[in-house]
There are 2 protein chains.
Amino acid sequence: MKFSTQEEYGIRCLLRIARATTSNGLTIPEISQFEGLTPSNVGKILRLLRLGGFIESARGQTGGYKLARVPEEIIIGDVLSVLGGKLYEDGFCSVHAGVEGICHNSIDCSIRSLWTTIQNLLDGVLSKISLKDLTGKDELIQIMINN
Amino acid sequence: MKFSTQEEYGIRCLLRIARATTSNGLTIPEISQFEGLTPSNVGKILRLLRLGGFIESARGQTGGYKLARVPEEIIIGDVLSVLGGKLYEDGFCSVHAGVEGICHNSIDCSIRSLWTTIQNLLDGVLSKISLKDLTGKDELIQIMINN
DNA sequence: ATGAATCTTGACTTTTTTGTATAGATTACT
DNA sequence: AGTAATCTATACAAAAAAGTCAAGATTCAT
């Protein structure tokens, strides 16, 4: 399993915006230059972030992008969902489920059990990491241990 | 981040082979029918599993595929690596690393820190789950807690 | 008002991943 | 030996993801 480039670039752009100091926010050309991406590509990615409610845009000559909320309230798990989807989309295994919603009768369910176990593990971690944790100076490992 | 279809199909095929009772193992047409995949596709996936050392093949009229080792020794993390690669291929950030090999100077490293943190988390779990855990009747969650 | 800078959207192209087909090699049975 | 069943390998085709482009809409400064 891999991270998509959209996830990587999306988080990067979001970090740039989070760290920007100018009051107008950052423009597409600026982010584009910082990250070495084409303006078109940045525009496409920022669109997703905007639709996801993580950033807000201003048009016109003094336009640009800013965070839509404070970094503490921007959860990395949510951002990754918007950029790359969930690890495994389910809707399966609703019948015949054993304890804790996991069954172990068929091969299908052996695998779903694995996938959902991993998914729950990841969700648990990613739902506790905010954009602030990435911009700050503390170690991620320490943050995870404390939560 | 998502699982590739190759990872899903690969694990499925491996589970089929692990559960087979016939002494000759399973043939491509058999697995193909069980899993609803084309023989070509199964052949391609089994090739990866064979090169990875998880299964062994016998040619000829009575040929087929068997596990190359006992299920306890087939680690799911290794299988997924062969089928879909690592979550994040690194080789970066070797200089300027802080404690525990993680630095936090640039945006680049903020993200690498996130990726590697997640990667280590996953590796830790997947290295403890064997094929036997997937074929058995015990809950994966329980297995993880006990390890 | 006009022009310049910006964001917005959808269609298009390229690249990567996935899946298919074909020809060949090996083995066992008769 | 010959035939049928199997695995093996490479090249080809289709689908999905990633990236690009062009036309439009909005805002501010002059």
Side-chain angles (χ1 to χ4, degrees), chain A residues 1-13 16-17 20 22-33 35-68 80 82-87 89, chain B residues 1-13 16-17 20 22-33 35-68 80 82-87 89:
Chain A
M1 103 217 69
K2 284 185 183 292
F3 289 109
S4 67
T5 62
Q6 233 177 205
E7 287 173 303
E8 163 116 20
Y9 295 160
I11 297 275
R12 285 189 182 203
C13 292
R16 288 286 177 194
I17 294 169
T22 54
S23 65
N24 286 338
L26 290 183
T27 67
I28 288 178
E30 285 170 339
I31 298 172
S32 160
Q33 190 171 7
E35 292 299 332
L37 303 172
T38 64
S40 299
N41 206 5
V42 171
K44 187 178 188 177
I45 291 167
L46 293 188
R47 180 170 189 260
L48 292 174
L49 293 174
R50 177 172 53 83
L51 295 177
F54 308 113
I55 59 178
E56 56 189 17
S57 62
R59 288 180 163 191
Q61 208 169 23
T62 59
Y65 291 91
K66 298 179 192 175
L67 295 184
L80 289 177
V82 166
L83 292 169
K86 279 287 177 182
L87 191 61
E89 327 279 350
Chain B
M1 102 218 69
K2 284 187 183 294
F3 289 109
S4 67
T5 62
Q6 233 176 207
E7 287 173 302
E8 164 116 19
Y9 296 159
I11 297 275
R12 285 190 180 200
C13 292
R16 288 285 177 195
I17 294 169
T22 54
S23 65
N24 285 338
L26 289 183
T27 67
I28 288 177
E30 285 169 338
I31 298 172
S32 160
Q33 189 170 7
E35 292 299 332
L37 303 172
T38 64
S40 299
N41 206 4
V42 171
K44 186 178 187 176
I45 291 166
L46 293 188
R47 179 171 188 260
L48 292 175
L49 293 175
R50 176 173 52 84
L51 295 177
F54 307 112
I55 59 178
E56 55 189 16
S57 62
R59 287 180 163 191
Q61 207 169 24
T62 59
Y65 292 89
K66 298 178 191 176
L67 294 184
L80 290 176
V82 166
L83 292 169
K86 279 287 177 183
L87 191 61
E89 328 277 350

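Atom set for the values below is all heavy atoms of this structure, side chains included, hydrogens, waters and symmetry mates excluded. Per chain, numbering begins at 1; letters A, B, ... match sequence-line order.
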- Task: Please report, rounded to the nearest Å, how far the P atom of D:dA14 is from the NZ atom of B:K44.
- Result: 15 Å
- Query: B:I28 has a side chain; which of D:dA18, D:dC7, C:dT20 sits nearest to it?
  - Reply: D:dC7
- Figure out the CD/P separation between A:E56 and D:dT26, and round it to whole Å. 18 Å
- Message: Does D:dT20 have its OP1 or OP2 closer than 4.0 Å to a side-chain nitrogen or oxygen of A:T38?
- Response: yes
- Pair A:E35 + A:R16, salt bridge at N-O below 4.0 Å: yes
- Query: Please give, in whole Å, the distance from D:dG19 P to A:E7 CD?
  - Reply: 12 Å
- Query: With a non-hydrogen cut-off below 4.0 angstrom, is A:S40 in contact with a base, only sugar-phosphate, or nothing?
  - Reply: base
- Query: Start at the 5' end of DNA chain D and walk down; is the nucleotide closest to A:L37 or to B:T27 reached first?
  - Reply: B:T27
- With rounding to the nearest 0.5 Å, note down the distance linking CD1 in A:I55 to CG in A:L26. 10.0 Å
- Note on the structure: Between CD of B:Q6 and P of C:dT18 the distance, given in whole Å, is 6 Å
- Report the distance from atom OH of B:Y65 to atom P of D:dA5, rounded to the nearest whole Å. 17 Å
- To the nearest angstrom, how far is A:I45 atom CD1 from C:dT9 atom P? 16 Å
- Message: So A:G43, base contact, sugar-phosphate only, or nothing? Heavy-atom distance under 4.0 Å.
- Response: nothing
- Atom-to-atom span, CG of A:L49 to P of C:dC7 - whole angstrom: 14 Å
- Item | Distance test, side-chain N/O of B:S57 to OP1/OP2 of D:dT6, below 4.0 Å | no
- The side chain to side chain contact (heavy atoms under 4.5 Å, CB included) partner of A:Y65 among A:I28, A:T27, A:N24, A:L49 is A:I28
- B:L48 atom CG is separated from D:dT8 atom P, nearest whole Å, by 12 Å
- Item | Under 4.0 angstrom between B:R47 side-chain N/O and D:dC7 OP1 or OP2 | no
- Query: For C:dT17, does OP1 or OP2 lie under 4.0 Å from any side-chain N or O of B:Y9?
  - Reply: no
Using nucleotides 28-30 of chain D, report all nitrogen or oxygen pairs with the protein that are shorter than 3.5 Å.
| from | atom 1 | to | atom 2 | distance (Å) |
| --- | --- | --- | --- | --- |
| D:dC28 | O2 | A:Q61 | OE1 | 3.0 |
| D:dA29 | O4' | A:Q61 | OE1 | 3.2 |

- Which atoms form the tightest heavy-atom contact between B:L83 and B:G10, and what is the distance? CD1-CA, 3.6 Å
- Query: Should B:R50 be listed as having a side-chain N or O under 4.0 Å from OP1 or OP2 of D:dC7?
  - Reply: no
- Message: Of the options C:dG19, C:dT6, D:dT10, whose atoms approach the side-chain atoms of B:N41 most closely?
- Response: C:dG19
- Message: Could you check whether any side-chain N or O of B:K44 sits under 3.5 Å from a backbone N or O of B:P39, counting only pairs where one atom can act as donor and the other as acceptor?
- Response: no
- Nearest-0.5 Å distance, CG of residue B:L46 to CD of residue B:E56: 13.0 Å
- What residues form a side chain to side chain donor-acceptor pair (under 3.5 Å) with B:S4, not counting sequence neighbours? B:E7
- Message: Closest approach to the side chain of B:T5, judged atom by atom: which nucleotide of C:dT18, C:dT20, D:dC7 is it?
- Response: C:dT18
- Item | Any B:Q6 side-chain heavy atom under 4.5 Å of B:I45 side chain | yes
